[in-house]
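Atoms within each ligand, like the ligands themselves, are counted from 1 in listed order. Note that this is a predicted model, so its numbers are computed, not measured.
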Amino acid sequence: MSKRLALGLFSGGLDSILACRVVADQGIRVVALKFVTPFFDHDLLGQQEAYARAMREQYGLDVQVVDISEGYLRLLENPAHGFGKHFNPCIDCKILMLRRARELMGVYGASFLITGEVLGQRPMSQRRDTLRVIERDSGCGGLLLRPLSAKLMEPTQAELEGWVDRERLFDFSGRGRRQQKQLAAQLGITDYPTPAGGCMLTDPNLAARIKHFYHGLFSFGEQRAVDDVRLLVVGRQFKLDENLWFIVGRDERDNNRLEALRSPDDWLVRMTTRPGPVGILRHGRHQVTAGGQEELIRRLAGIVVRYGKKIPDGPAEADVMIDMGEEIVRGRFGPWANDADLQSWRI
Ligand code: SF4
């Protein structure tokens, strides 16, 4: 077997699986890099070994999870190539990933890079001129092999040096998926995700919320924190006042996430005698002034009770605990009844 090693950008979608496999099947050792940010696949950071095992079993690929959150949060402030339809900076996103992959080449001893990009598949980020821009701005000229469309492009170093056989690469183009599906069948790959993908920045609702956040929805300091962004996509979100950000779980999964993401200065609100949501007041310890505390507690508890489990023919009120870190307040509160208020606070 060749000692050559290539790093692949691995989204987990079919194109990236195929691109990595096509090169691996030529005897190159491929390490598939799965980049994660708070906007896509961040949960994999807690299950890297299981994920790597699953990818090895399913696709025969060596996948490594790499967190690029910090750089990504900065990128979203002002991406040089702008945004797609929603808050998705696809061109700069790819440039960032390729730059990171290029940096990692030395670490892995890699000779070249692979992506699953297909010429003309996406209107903005996979046009021929855009692919060149991505290559140029990431500093990957000549290093970057796109095996699925390679025959429609200038040969790269890997082909010129004979590390890979260009004849065994492909000339796929356009939006259709027929050729990819055929190739998958030939390679024995039957189980793969649909192309929809899991990037929150292309989801109209989440993208709007994230954009709002970036445009000063709250100002908790100059740097946007990874955990703030992760909280932004959980549960029901309320802006109760300037910098009073309250998040309420919709189900057990949300509640668990909220508790896991809670920082020491967040307030936690929950009913104590019947099931219901967890509420987190972000940075409550610093954001709440003593003067308005009593009314705020009534409001927070009321929202949690409002979305909590109701008892048929039982009392609407519930026992609620507000854990403020240094102090815990307990009391009996009724549900916040004014829907217009709730609506106006929703983000
Ligand atoms: S859809 Fe999301 S992950 Fe994919 S290139 Fe665009 S911004 Fe990056």
> Quick one: are the ring centres of Trp245 and Trp345 less than 6.0 Å apart?
Replying inline: no
> For ligand 1, which atoms have a heavy atom of Pro89 less than 4.0 angstrom away?
Replying inline: 7 (S)
>> I'd like to check which ligand 1 atoms, numbered from 1 as shown, lie under 4.0 Å from a non-hydrogen atom of Thr202.
In response: 1 (S)
> So, is Cys199 placed with an N/O/S atom under 2.8 Å from atom 6 (Fe) of ligand 1, counting both backbone and side chain?
Replying inline: no
>> Would you compute the distance between atom CG of Leu300 and atom CZ of Phe238 and round it to the nearest 0.5 angstrom?
In response: 10.5 Å
> Does the side chain of Leu33 come within less than 4.5 Å of Tyr108's, by heavy atoms?
Replying inline: yes
>> Checking contacts here: is it the side chain or the backbone of Tyr72 that comes within 4.0 Å of ligand 1, counting heavy atoms only? Could be both or neither.
In response: side chain
>> Among Phe39, Phe87, Phe40, which one puts a heavy atom closest to atom 3 (S) of ligand 1?
In response: Phe40
>> Test of understanding: given a 4.0 Å heavy-atom threshold, classify the contact between Cys93 and ligand 1 as side chain, backbone, both, or neither.
In response: side chain
>> Asp15 vs Gln121, test: side-chain hydrogen bond (donor to acceptor under 3.5 Å, both in side chains). Steps then yes/no.
In response: CA-CA 11 Å; Asp15 293 346; Gln121 188 180 75; 3.1 Å; yes
> Would you call Glu70 and Val226 a side-chain contact if the rule is heavy atoms closer than 4.5 Å?
Replying inline: yes
